[in-house]
Visitor: 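Quick one: this structure, given as structure tokens, is what I'll be asking you about.
The figures here come from the full heavy-atom set of this structure, side chains too, leaving out hydrogens, waters and symmetry mates. Convention: sequence-line order gives letters A, B, ...; per-chain numbering from 1. Since this is a predicted model, take the numbers as computed values, not measurements.
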Amino acid sequence: MASLITCPHCGVRPKEEFTIRGDASLVRPTLTASDEAWHDYVYVRANPRGRTLEHWQHVAGCRRFLVVERDTFTHEVHSVTDGAAFATENGR
Amino acid sequence: MRYSAFSIVKNALSGNLKWKPQWRQAEPKPHYDVVIVGGGGHGLATAYYLAKEFGVKNVAVLEKGYLGSGNVGRNTTIVRSNYMLPGNEPFYEFSMKLWEGLERDLNYNVMLSQRGVIMLYHSDVQRDAYIRRGNAMWMEGVAAELIERDQLKKMIPFLNYDHARYPILGGLLQRRAGTARHDAVAWGYARGADRHGVDIIEHCEVTAIRRENGVVSGVETTKGFIGCGKLALAAAGNTSRVGEMADLKLPIESHVLQAFVTEGLKPCIDHVIVYGGGHFYISQSDKGGLVFGAEIDGYTSYAQRGNLATAEHVMEEGVTMIPGLSRVRVLRSWAGVMDMSMDGSPIIDRTPIDNLYLNCGWCYGGFKATPASGYCFAHLIAKNDTHPVARALRLDRFARGYAIDEAGAGPQPNLH
Ligand SMILES: Cc1cc2nc3c(=O)[nH]c(=O)nc-3n(C[C@H](O)[C@H](O)[C@H](O)COP(=O)(O)OP(=O)(O)OC[C@H]3O[C@@H](n4cnc5c(N)ncnc54)[C@H](O)[C@@H]3O)c2cc1C
Ligand SMILES: [Zn+2]
């Protein structure tokens, strides 16, 4: 249930403690990237029905950014990773 | 059959056994000039105006469920044109005017009730923002009134005026705004479209879009292949999924919005009241139930059900605004999946594929738009030219830097 998120630092917490920032699968273009690349990054979303990656910030807890892997149809949460760890793992 | 006082009496005298179905159960033909995906309010209105106003009669509407099973049957029925930004206000006012003539046009009772929509303010800053919005409305020729606290107390005595954090100082009123019976809007347009020869095909899901030489030639459906000259998408919360079938990349996220209705009460709430301290809004249905909702659940979702924490939050906001609400029992709750667009405003446009047309991004405000959306979309499909009041609603506005961001929230769909 996406109304409960297991923060890797704080444990199981209600979603009200978090701010949701949206799609975490997007990679920020370089400053010199084309207008089209920036347009896609800022405005275009894959919006899948199924598994998706999102940024949730634990504002009322440890204040860390987290990457939550969630199913947009069942609301099931598959994994929660610390944002910095996720970035390192994915070479960002 | 035309409805009239006479037809009601006549049918009553024959035991109400001779009413005809309101639209035919059509089976798909091999080819249509225009196929519309989505039998919600917008798809049906588009079909109606295509046939009636623009003379395109060989049209089919394909609906994966039953007619009205999407957002048109799930919304909280508010119609208004109290928008602020130039790209939006003329469009929604065009819609308001169509609403005002709709029952006569359709020969159907959509129960339009212009009971007035009042948006409450709780601080000087918010009052200034509402004055500005009211002025923006007047500039488009739409009447708005600022109601001060004392006057408001007489109009709506049961609000919590002295809340410590959000005292109610007044409100912005649009008297012509109100509600309409949502199902009746879908049924009325369906009946109207059917009478002009449109095939309405229910339980027919579009599963793929077929293209030949770069143009759309038809759709694969659960009832087989259906060919078309032009394909029009009006799939509300599922736009990304249908768009993907034609490789469209869209500025859309799907989010759920919940709504609630209480047990039936004697008439007590005369207006649509919108709580400026949060996002709560409430009205009373003609059956007596209080109908209300608030913000979206916050994260992307295709679930058509919400989470309980948000339901609790909605109740808290409601009771903050109207303490007496705590004594009323909630009868039902439900949720709808909506397209939240990147600026909170809709999209009516052609796509990079010449004969593929797009109507999407209505967020949680698309019910009031149903007539204008249908009219403008039909105009676009029939003439290949954007209707003047929908010019600002084009898909390339993000790339051009002309987003229409009523909420000023930036490209973050869950904040609109
Ligand atoms: C809880 C809630 C409250 C709301 N309150 C208001 C309000 O008070 N005022 C207001 O103005 N707006 C409101 N809205 C928004 C409004 O309901 C929508 O913006 C509007 O109804 C969307 O247009 P539609 O009627 O065509 O959508 P829908 O009725 O959802 O129509 C789209 C149809 O497409 C069909 N479809 C999808 N995919 C396929 C496919 N592959 N093949 C075939 N068919 C398909 C769906 O089954 C659906 O029936 C609210 C929305 C919700 C959820
Ligand atoms: Zn934490």
Side-chain angles (χ1 to χ4, degrees), chain A residues 1-7 12-29 33-61 65-80, chain B residues 235 237-244 247-256 258 295-313 316 335 337-343 345 347 360-361 395-403 405 409-416:
Chain A
M1 264 276 274
S3 53
L4 294 176
I5 296 296
T6 306
C7 173
V12 182
R13 295 300 173 96
K15 94 167 202 330
E16 280 52 48
E17 291 190 4
F18 299 81
T19 297
I20 304 156
R21 184 66 181 84
D23 201 333
S25 64
L26 299 160
V27 181
R28 192 182 172 87
S34 66
D35 285 355
E36 205 202 339
W38 274 100
H39 170 264
D40 289 0
Y41 173 70
V42 177
Y43 295 114
V44 174
R45 295 292 177 266
N47 192 25
R49 180 183 186 269
R51 287 194 185 207
T52 187
L53 293 172
E54 280 167 337
H55 285 302
W56 295 50
Q57 190 193 6
H58 196 184
V59 279
F65 264 95
L66 310 174
V67 173
V68 176
E69 187 187 16
R70 195 174 59 79
D71 189 303
T72 59
F73 182 60
T74 62
H75 289 177
E76 198 178 333
V77 175
H78 292 286
S79 68
V80 184
Chain B
N238 283 293
T239 303
S240 294
R241 301 181 65 218
V242 179
E244 202 177 26
D247 300 320
L248 290 182
K249 299 192 299 178
L250 297 171
I252 298 288
E253 280 183 4
S254 296
H255 286 257
V256 294
Q258 303 191 54
E295 278 175 71
I296 54 181
D297 276 24
Y299 46 76
T300 56
S301 173
Y302 282 94
Q304 280 201 347
R305 64 186 161 80
N307 81 57
L308 210 52
T310 303
E312 192 179 7
H313 179 72
E316 281 169 358
V337 181
M338 309 155 313
D339 285 346
M340 296 301 293
S341 64
M342 285 310 202
D343 59 357
S345 293
I347 295 161
C360 68
L395 180 58
D396 65 357
R397 66 175 182 264
F398 304 100
R400 291 185 300 119
Y402 286 94
D405 188 349
Q412 220 178 317
N414 68 341
L415 296 185
H416 286 290

Visitor: Of the non-hydrogen atoms in B:M342 and A:V42, which two are nearest, and what is the gap between them?
Guide: CE-O, 3.8 Å

Visitor: Please step through side chain to side chain contact (heavy atoms under 4.5 Å, CB included) for the pair B:Y302 and A:N47, ending with a clear verdict.
Guide: CA-CA 10 Å; B:Y302 282 94; A:N47 192 25; 3.1 Å; yes

Visitor: Between B:Q412 and chain A, which part of the residue has a heavy atom less than 4.5 Å away: side chain, backbone, both or neither?
Guide: side chain

Visitor: Using heavy-atom distances under 4.5 Å, tell me whether A:W38 contacts chain B through its side chain, its backbone, both, or neither.
Guide: neither

Visitor: If we define contacts as heavy-atom pairs under 4.5 Å, which of B:P413, B:G298, B:A303 has the most with chain A?
Guide: B:A303

Visitor: Which of the residues B:G410, B:P411, B:G243 is involved in the greatest number of heavy-atom pairs with chain A at under 4.5 angstrom?
Guide: B:P411

Visitor: For the OG1 atom of A:T74 and the CZ atom of B:R305, what is their distance to the nearest 0.5 Å?
Guide: 7.5 Å

Visitor: Answer yes or no: is there a donor N or O on one side and an acceptor on the other, between the side chain of A:K15 and the main chain of B:D297, under 3.5 Å?
Guide: yes

Visitor: Using a 3.5 Å distance criterion without hydrogens, assess whether the side chain of A:R70 forms a donor-acceptor pair with backbone atoms of B:T300.
Guide: yes

Visitor: Looking only at non-hydrogen atoms, find the nearest pair between A:A46 and B:S240 and report the distance.
Guide: O-CB, 4.3 Å

Visitor: With sequence neighbours excluded, what pairs up with A:D23 under the salt bridge (charged side-chain N to carboxylate O under 4.0 Å, His left out) test?
Guide: none

Visitor: Could you grab the distance from atom NE2 of A:H39 to atom CG of B:D396, nearest 0.5 Å is fine?
Guide: 8.5 Å

Visitor: Check whether A:D71 gets within reach of chain B through its side chain, its backbone, both or neither, counting any heavy atom under 4.5 Å.
Guide: neither

Visitor: Is atom CD of A:E36 surrounded by more than 12 heavy atoms (other residues, nucleotides or ligands) closer than 6.0 Å?
Guide: no

Visitor: Which answer fits B:L250, side chain, backbone, both or neither, if we ask what part of it has an atom under 4.5 Å from a heavy atom of chain A?
Guide: backbone

Visitor: What residue, out of A:E54, A:E16, A:R21, has the most heavy-atom pairs lying under 4.5 Å from chain B?
Guide: A:R21

Visitor: Can you label the angle between the B:F398 ring and the A:Y43 ring as parallel, tilted or perpendicular, going by 30° and 60°?
Guide: tilted

Visitor: Which one of A:T52, A:V68, A:D40, A:T19 has the most heavy-atom pairs closer than 4.5 Å to chain B?
Guide: A:D40

